[in-house]
Protein chains: 2
Amino acid sequence: MSNAEAPNVVSLSGLKAACRNCSLYHLCLPLGIDADDMEELDRIIRRRRPLRRGEYLFQPGDSFKSLYAIRSGSVKTYTPTEEGYEQVTGFHLPGELVGLDAITRECHPCAARALETTSVCEIPFERLEELGAKIPGLQRQLLRLMSKELLEDEQLMMLLGKKSAESRLAALLLGISERLRQRGFSPREFNLSMSRNDIANYLGLAVETVSRLFTRFQSDGLLTVERKHVVLLDRERLAILARPSGGDTDQRECRP
Amino acid sequence: MSNAEAPNVVSLSGLKAACRNCSLYHLCLPLGIDADDMEELDRIIRRRRPLRRGEYLFQPGDSFKSLYAIRSGSVKTYTPTEEGYEQVTGFHLPGELVGLDAITRECHPCAARALETTSVCEIPFERLEELGAKIPGLQRQLLRLMSKELLEDEQLMMLLGKKSAESRLAALLLGISERLRQRGFSPREFNLSMSRNDIANYLGLAVETVSRLFTRFQSDGLLTVERKHVVLLDRERLAILARPSGGDTDQRECRP
DNA sequence: GGTTTCATTTGATTAAGATCAATGAATTTG
DNA sequence: CAAATTCATTGATCTTAATCAAATGAAACC
């Protein structure tokens, strides 16, 4: 996954800010943040050396200082449960923010770990808040991003709550595909940077089940998969699979 | 569930604002919002006639204008999926905010429906944002609340993702218990305002399974249940059940 | 008050996915 | 490069919870 070219965005030419190349930029700019504000935002952002696979962005209990925007690569977040086990809570792709769940407690409830070589921008939260007071659009955008995150979590809950193993994996793949598409990557063909184990853990399935599903999906002509590399051949049919398999819950619409 | 008495809060006496009696108040006040600001906040809040069981606070697709704070009663949120089915995404108790997931899209992705007679405060979001610009503590508190919501969703995801039916129900009961406790209600004894069907739907289980589990929990001496009324007799043991039942995922801690 | 309707409980059977066990491929390490 | 280790796949069996079916209980309606 290389950096995406910026599609139609208003006059970037005068902007020397490095944010220009950040996918997050596309999320901010359309919402009333102009070039001047953008530069100001850019000034508070810290760039860091890229993380290598397996390195931590933060660990549970670390005090919350910054949000992180993924520029390239990918990250998994997970919470260790009692005695060594862990539960993967999310995979984060370029252009996404990590660390939002730490704001309440002022310390990170989960760990964030690079799944591959990953570069991130560090956004010191205090400075972001100060800036937010000056730039109303930014404040609003931050709330919006968090709201979006909530929405995505809800969708995942729906997935985990109800559906068959098949639906879960189909929905995960389509979800990743869609997120990549939104950022200008190919929605059809991509590399799964996470292990089968991570996927299984995330979806609440056994590794073996995930493996079998990939095999089945492939022989059904839905996709091809080789190791990490996936090509979605029939997204339509995958979308059908991703839906509640049959009669889920029978609460038809009733009146107030 | 009747209204809770306010526990130790700083000099309320001079405060004529109705927010004084709202559980949400306890969430706002500790975080740097003083009495004056509070009055201002109070002025933008609209009170509405109580909802009866089954009435909607909003429906999917309704345009997003306001957040709602539950004052008493309870609400379920759910998203209708294709063709009549629904997925319950949350139960909301007094003192909790509903509607945060609508900020991104400016329209509600889910429905909110009263599970019993419920009174809410309507907080027009535009006005709240304006006020947020003036009162830095408020802005911060709003982010904090959203972050908290994210955290709770993550915890639920962990629940749904992985665990046995037993763990799920135990965790739900303990979760409700804890939320009630935080608001000054009894954590030991309460009424489940939602139907078994809602519980099953929320937890991703069949109704029959939920019913059997209640029966089993009761005969194991963990709780007593009669219709809606639940008494948690052994929260310790419930907490053990709520944990990942056995070897979940075997990813031991490895080095960076 | 009695009937209809809906919610809940209980039992019997079935199916989906977990677990156990083993092998094969790929990456890392010395 | 070979050995070691991790990761992925495949097969066989077992467990859990879903599904099917029915009965009972509670509440709403006329």
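Chain identifiers are assigned alphabetically (A, B, ...) following the order of the sequence lines, protein sequences preceding nucleic acid strands; residue numbering begins at 1 within each chain. Values below: all heavy atoms of this structure, side chains included; hydrogens, waters and symmetry mates excluded.
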Could you check how far [atom1] of [X] sits from [atom2] of [N], rounded to whole Å?
X: A:Leu213; N: D:dT9; atom1: CG; atom2: P; answer: 11 Å
X: B:Leu169; N: D:dA17; atom1: CG; atom2: C1'; answer: 14 Å
X: B:Leu203; N: D:dT16; atom1: CG; atom2: P; answer: 19 Å
X: B:Gln218; N: C:dT8; atom1: CD; atom2: P; answer: 15 Å
X: B:Glu226; N: C:dA7; atom1: CD; atom2: C1'; answer: 15 Å
X: B:Asp198; N: C:dC6; atom1: CG; atom2: P; answer: 16 Å
X: A:Leu205; N: C:dA18; atom1: CG; atom2: C1'; answer: 10 Å
X: B:Phe214; N: C:dA7; atom1: CZ; atom2: C1'; answer: 14 Å

If you measure from [atom1] on [X] to [atom2] on [Y], what distance do you get to the nearest 0.5 Å?
X: B:His108; Y: B:Lys65; atom1: NE2; atom2: NZ; answer: 8.5 Å
X: A:Leu169; Y: A:Leu205; atom1: CG; atom2: CG; answer: 8.0 Å
X: A:Leu222; Y: A:Leu232; atom1: CG; atom2: CG; answer: 9.5 Å

Strictly by modelled atom types, are A:Glu122 and A:Ser66 linked by a side-chain donor-acceptor pair under 3.5 Å?
-> yes
Look at atom CZ of B:Arg179 and say whether more than 12 heavy atoms of other residues, nucleotides or ligands are closer to it than 6.0 Å.
-> yes
Taking A:Ser119 for its side chain and A:Pro50 for its backbone only, find out whether a donor-acceptor pair lies under 3.5 Å.
->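 Not at all, since once roles are kept as given, no pair shorter than 3.5 Å links the two residues.
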For nucleotides 6-8 of chain D, tabulate all protein N/O to nucleotide N/O atom pairs closer than 3.5 Å, reporting atom names and distance.
residue: D:dA8; atom: OP1; partner: A:Arg196; partner atom: N; Å: 3.4
residue: D:dA8; atom: OP2; partner: A:Arg196; partner atom: N; Å: 3.2

Checking all strands, does A:Ala206 fall into the base, sugar-phosphate, or nothing category for heavy-atom contacts under 4.0 angstrom?
-> base
If we only count heavy atoms from C-beta on, is the A:Leu93 to A:Arg183 side-chain gap below 4.5 Å?
-> no
All N/O donor-acceptor pairs, side-chain side in residues 210-217 of chain A, below 3.5 Å, sequence neighbours left out:
residue: A:Thr215; atom: OG1; partner: A:Ser211; partner atom: O; Å: 3.0
residue: A:Arg216; atom: NH1; partner: A:Glu166; partner atom: OE2; Å: 2.8

side-chain N/O A:Thr209 vs C:dA16 OP1/OP2, d < 4.0 Å |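 No, outside the criterion.
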List every contact pair, protein side and nucleotides 20-22 of chain D side both N or O, where the distance is under 3.5 Å.
residue: D:dC20; atom: N4; partner: B:Glu208; partner atom: OE2; Å: 3.1

Aromatic centroids of B:Phe91 and B:Tyr202 separated by under 6.0 Å | yes
